Amino acid sequence: LQYVLKPTFTAQQITNLDKQAKLSRAYDGTTYLPGIVGLNNIKANDYANAVLQALSNVPPLRNYFLEEENYKSIQRPPGDIMFLLVQRFGELMRKLWNPRNFKAHVSPHEMLQAVVLCSKKNFQITKQGEEQGAWVLGVLLGCWVPADGLWFVGDGVDFLSWFLNALHSALGGTKKKKKSEWRVTKPFGAPTRVTLVTP
């Protein structure tokens with residue numbers, strides 16, 4: 001029970017994630033592939049779920065956050081709430097990749113509460129931005145356009161940009177390039193570019 005609520009990973013387990021794709025059986029009897037599990041849609045957080053799912057499958061980012069020791073001792077100024085994002089994202093990553101989940105889906109509730117708090121309510125879990133008729137090109141977002149062609153792309157694109165920058169900053173990153181600094185920015189190389197094409 002303790003492992004289900006707070007899963008941990010050894011360096012060897014993390015190394016083997018991409019080498020051994022093995023189905024797991026949840027306690028409710030369903031089978032799932034760790035890392036490819038659903039995120040509950042609380043109300044209007046599907047844009048955030050798509051981004052979080054996509055980021056959870058970027059191996060360098062995933063590997064860094066699966067091992068809590070990587071960021072556990074980072075010092076932040078008193079009263080700084082931004083590190084809460086790092087903690088909650090790490091918890092969510094470990095739950096998504098847990099081979100012993102209760103169910104084949106995970107609740108992102110704590111992660112989304114941290115997003116609402118740290119973004120000063122710029123990103124909500126109860127409402128989305130304005131509708132935009134656009135096609136999202138870019139695998140990173142993991143989005144598709146519904147049959148009616150309407151998708152809240154602004155929220156997903158804005159959220160991805162804000163979230164990566166917030167994680168980078170909370171982990172002690174700066175705007176200046178440093179050779180030793182890779183945590184959030186290096187997996188993506190150059191700045192991420194998303195192209196929107198209106199049909």
Side-chain angles (χ1 to χ4, degrees), residues 1-22 24 32-39 48-102 105-119 123 139-142 159-192:
L1 185 62
Q2 179 68 21
Y3 185 84
V4 172
L5 297 175
K6 191 174 166 63
T8 57
F9 291 83
T10 65
Q12 186 61 45
Q13 288 172 317
I14 294 170
T15 302
N16 290 335
L17 286 176
D18 294 322
K19 296 175 185 171
Q20 303 170 8
K22 183 179 159 190
S24 293
Y32 67 97
L33 192 59
I36 313 295
V37 296
L39 285 173
N49 283 357
V51 169
L52 294 169
Q53 280 282 14
L55 292 176
S56 75
N57 283 281
V58 176
L61 199 61
R62 173 201 67 200
N63 297 351
Y64 180 80
F65 282 96
L66 284 179
E67 197 168 347
E68 191 175 10
E69 293 300 315
N70 287 331
Y71 55 86
K72 193 174 174 179
S73 61
I74 292 177
Q75 298 294 316
R76 297 299 298 166
D80 179 21
I81 60 168
M82 295 305 285
F83 197 71
L84 184 60
L85 274 181
V86 172
Q87 294 169 320
R88 296 293 185 243
F89 187 58
E91 289 169 5
L92 182 62
M93 289 287 236
R94 289 187 294 279
K95 289 177 183 178
L96 286 170
W97 285 91
N98 184 357
R100 293 184 252 168
N101 276 328
F102 280 125
H105 55 88
V106 174
S107 174
H109 192 256
E110 293 85 3
M111 174 75 231
L112 295 171
Q113 284 180 320
V115 166
V116 171
L117 179 67
C118 295
S119 72
F123 297 100
V139 177
L140 180 62
L141 287 179
F159 176 69
L160 173 63
S161 177
W162 173 83
F163 188 68
L164 289 176
N165 285 325
L167 278 179
H168 178 71
S169 177
L171 288 166
T174 64
K175 292 180 181 178
K176 295 179 181 179
K177 243 183 178 177
K178 294 180 185 176
K179 285 186 178 181
S180 63
E181 194 175 277
W182 74 271
R183 295 176 183 115
V184 175
T185 56
K186 187 176 179 183
F188 302 103
T192 305

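When reading the values below, keep in mind they use all heavy atoms of this one structure, side chains included, and skip hydrogens, waters and symmetry mates. Since the structure is predicted, the reported quantities are computational estimates derived from the model, not experimental observations.
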Drop me the distance from [X]'s [atom1] to [Y]'s [atom2], to the nearest 0.5 angstrom.
| X | Y | atom1 | atom2 | result |
| --- | --- | --- | --- | --- |
| Leu96 | Leu55 | CG | CG | 11.0 Å |
| Thr8 | Gln13 | OG1 | CD | 7.0 Å |
| Leu117 | Phe123 | CG | CZ | 14.0 Å |
| Ile14 | Glu67 | CD1 | CD | 4.5 Å |
| Asn49 | His105 | CG | NE2 | 12.5 Å |
| Phe9 | Leu17 | CZ | CG | 6.5 Å |

| query | Is any side-chain heavy atom of Phe163 less than 4.5 Å from a side-chain heavy atom of Leu52? | reply |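 Phe163 vs Leu52: side chains touch.
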How close do [X] and [Y] get, counting heavy atoms only, and between which atoms?
| X | Y | value |
| --- | --- | --- |
| Trp97 | Asn57 | CZ2-OD1, 3.4 Å |
| Leu33 | Val37 | O-CG1, 4.0 Å |
| Pro108 | Val106 | CD-O, 3.4 Å |

| said: When you measure from the side chain of Ser169 to the backbone of Asn165, do you find a donor-acceptor pair of N or O atoms at a distance under 3.5 Å? | reply: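 Not confirmed, Ser169 side chain does not pair with Asn165 backbone.
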| field | Any donor-acceptor pair under 3.5 Å from Tyr64 side chain to Asn70 backbone | value |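 Indeed, once roles are kept as given, a pair shorter than 3.5 Å links the two residues.
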| side chain to side chain contact (heavy atoms under 4.5 Å, CB included) assessment of Met93 paired with Ser56 | CA-CA 6 Å; Met93 289 287 236; Ser56 75; 3.4 Å; yes
Which pairs would a plain distance check flag for residues 80-90, meaning a side-chain donor or acceptor within less than 3.5 Å of a matching protein atom at least two apart in sequence or in another chain?
residue	atom	partner	partner atom	Å
Asp80	OD1	Met82	N	3.1
Asp80	OD2	Arg76	NE	2.6
Asp80	OD2	Arg76	NH2	2.8
Arg88	NH1	Glu91	OE1	3.2
Arg88	NH1	Glu91	OE2	3.1

| task | For residues 106-118, pull every pair meeting salt bridge (charged side-chain N to carboxylate O under 4.0 Å, His left out), keeping only residues two or more places apart or in separate chains. | result |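 Pairs touching residues 106-118 that pass the test: none.
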